[in-house]
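First the proteins, then the strands, lettered A, B, ... as listed; each starts at 1. As a basis for the values below, the full set of heavy atoms in this structure was taken, side chains included, without hydrogen atoms, waters or symmetry mates.
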Number of protein chains: 2
Amino acid sequence: MLTNRNSMLKKERQAFIIKEINLHNKVLSSDLSMALDVSEDTIRRDLNELALEGRVVKVHGGALSKSYQMAAVQTDTYAYEKKEVIAMKTLKLFKDGMVILTSGGTTMREIAKRLPESLQVTFFTISPLIALELAEHPKADVILLGGQLSNASKVTIGAEVVQKISEIKADICILGINGMDLDGITDSDYEIVQVKKAMIKASKQMIIPTISEKLNTALRYKVTPTADIDCLITELSPLHDTIQPYLSQVKLVL
Amino acid sequence: MLTNRNSMLKKERQAFIIKEINLHNKVLSSDLSMALDVSEDTIRRDLNELALEGRVVKVHGGALSKSYQMAAVQTDTYAYEKKEVIAMKTLKLFKDGMVILTSGGTTMREIAKRLPESLQVTFFTISPLIALELAEHPKADVILLGGQLSNASKVTIGAEVVQKISEIKADICILGINGMDLDGITDSDYEIVQVKKAMIKASKQMIIPTISEKLNTALRYKVTPTADIDCLITELSPLHDTIQPYLSQVKLVL
DNA sequence: TATATTCATGAAAATTTTAGCATAAAAGCG
DNA sequence: CGCTTTTATGCTAAAATTTTCATGAATATA
């Protein structure tokens, strides 16, 4: 070896690689080659060894942390546990005799699935899927708001729906969302935005159940200002860092 | 710093796409191309790979979340083969541009599943399940007739539905039935009878697809006389003994 | 229908991997 | 110490993979 000082033992080098991966969740062979001043072949051999030991996941061009693969596998019901937590929190707001207006979405579906047997509530919904889920409940009254069915999001949209919603006076409206930041709730579908606006207008209170990942993301069209939200429900504690900025904007955070 | 922001590993990129889809339920190829700074070809190839793995649903221009796509897959329908035969016969009556009014029922669902891709029709339906099935069809316009959702039969009922139906002028109405004999079509649910009467009134032609088992049975409430049926469709040949008595009553038997 | 997007395909370019070989250091041994 | 063996590393050329680009076909959208 040319310079003893700079030379690194194999184990030492591999430890460095592991550390890098833990830090950044990925490494590129080319980067490591430069940083450690060895050929890419050596790096590749290292990565192959580490992959064989199951310490990293080798991919074309470098390697990824194992957690990447984990996250990639669980996909069936995305963020299932989180949505379960959100559903339980949301259900605490439901009282006997309430009129509840709801949109669609998988979070809302988790809520519908867990509706307590004893609860006597009236639901208005634009989602056939949610309606069918709620129809399983013995004491729930379910009114499906008719209209054109959107191919993409599978909820009814259009002037007729908006008109019908305007005739309702609901106690609370549960709104599934796609994007939200400190400024407001946003969505990517214009038609759906119109319906959601009508839903908000028709309800005394607006409740937003969402996984925290959707916070601090914005989409094309604005639905309503964040300040108008009556209750924001995420899987996180209201004390969590991510939630802090929203505490001053939203009336109640669960 | 080792991380090179410009280059992203394939797996990493696909993980990003999955996350984006799970978050917003859909992604556009063009958006991803911009966000990840790769060509749309690369995005398309990623989406195709992910679709092949069954992680996302590829559509024109982007991809959708899987959870939206799956609307309960059931193959354990009673008399599946018979209903398949009936469905194929019924579909021959559908023409481009038609306005079709339909009730619910498993037979109707088999029809909806098999709707040819090329057909351009407008559906009005009282069944959320049928609506969701039809919504998978690219060229079908689906209007869900809103109203109270019946717990038992999972179709919308009530004055509102009847009122809405009266405003429609459909070419044909496909009516699932529960009982029928030489005298007339009968049902056991009074509310549903009201809706079916309205559907018949709103349509130029009435088509009854039913398994032959239901022939020669009668229930509590009468819907309409057998003589009013325009087309009766069963899994049997019109020459079959069971069908013979109906030939004189019904205009067309398939 | 006409126009604009998006898709599929194959070829080309860029990058990464593999495998074989050469070199050199490290280790083992008489 | 000399000698051989083992191990680690780098190099090259060919193979494989990934990405882009160009084109016409298919598809949406007005």
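Between B:T42 and the phosphate of D:dT18, there is no side-chain N or O to OP1/OP2 separation shorter than 4.0 Å. Contact check, A:K58 against C:dT17: a side-chain N or O comes under 4.0 Å of OP1 or OP2.
Comparing C:dC7, D:dG10, C:dT18 against the side chain of B:S29 picks out C:dC7 as the nearest. For B:R45, the listed nucleotide lying nearest its side chain is D:dT20; candidates were D:dT20, D:dC11, C:dC7. Of the candidate nucleotides D:dG10, C:dA8, D:dT9, D:dT9 has the atom nearest to the side chain of A:R13. Side-chain proximity of A:H60 to C:dA8, D:dT17, D:dG10: nearest is D:dT17. When distances are taken from the side chain of B:K10 to each of D:dT19, C:dA19, D:dA22, the shortest belongs to D:dT19.
Using modelled atom types and a 3.5 Å distance limit, the side chains of B:S153 and B:S150 yield a donor-acceptor pair.
Along DNA chain C, the nucleotide nearest B:R44 and the nucleotide nearest A:R44 are compared for position; the residue whose nucleotide lies closer to the 5' end is B:R44.
One atom, CG of B:N48, and another, P of D:dT19, lie 14 Å apart when rounded to the nearest Å. As rounded to whole Å, 19 Å separates atom P of C:dT5 from atom CD1 of B:I43. Here the C1' atom of nucleotide D:dT29 and the OH atom of A:Y190 are 18 Å apart, to the nearest Å. Distance, A:D41 CG to C:dG20 P: 14 Å, rounded to whole Å. Here the C1' atom of nucleotide D:dT19 and the CG atom of B:L32 are 16 Å apart, to the nearest Å. Rounded to whole angstrom, the span from the CD atom of B:E40 across to the P atom of C:dT6 amounts to 6 Å. Atom CD of A:E12 and atom P of D:dT9 are 11 Å apart (whole Å). Between the CG atom of A:L28 and the C1' atom of C:dT17 there is a distance of 15 Å, rounded to whole Å.
Tested against A:I111 for a side-chain contact (heavy atoms from CB on, under 4.5 Å), the candidates A:M108, A:R109, A:K113 yield a single pass: A:M108. Results of the side-chain contact (heavy atoms from CB on, under 4.5 Å) test with A:L32 over A:V38, A:I17, A:T42 single out A:I17 as the only residue that passes.
Remark: the backbone N or O of A:G184 is paired with a side-chain donor or acceptor of A:D181 at under 3.5 angstrom.
B:K201 is not listed as a side-chain neighbour of B:S166, based on a closest heavy-atom distance of 4.5 Å or more.
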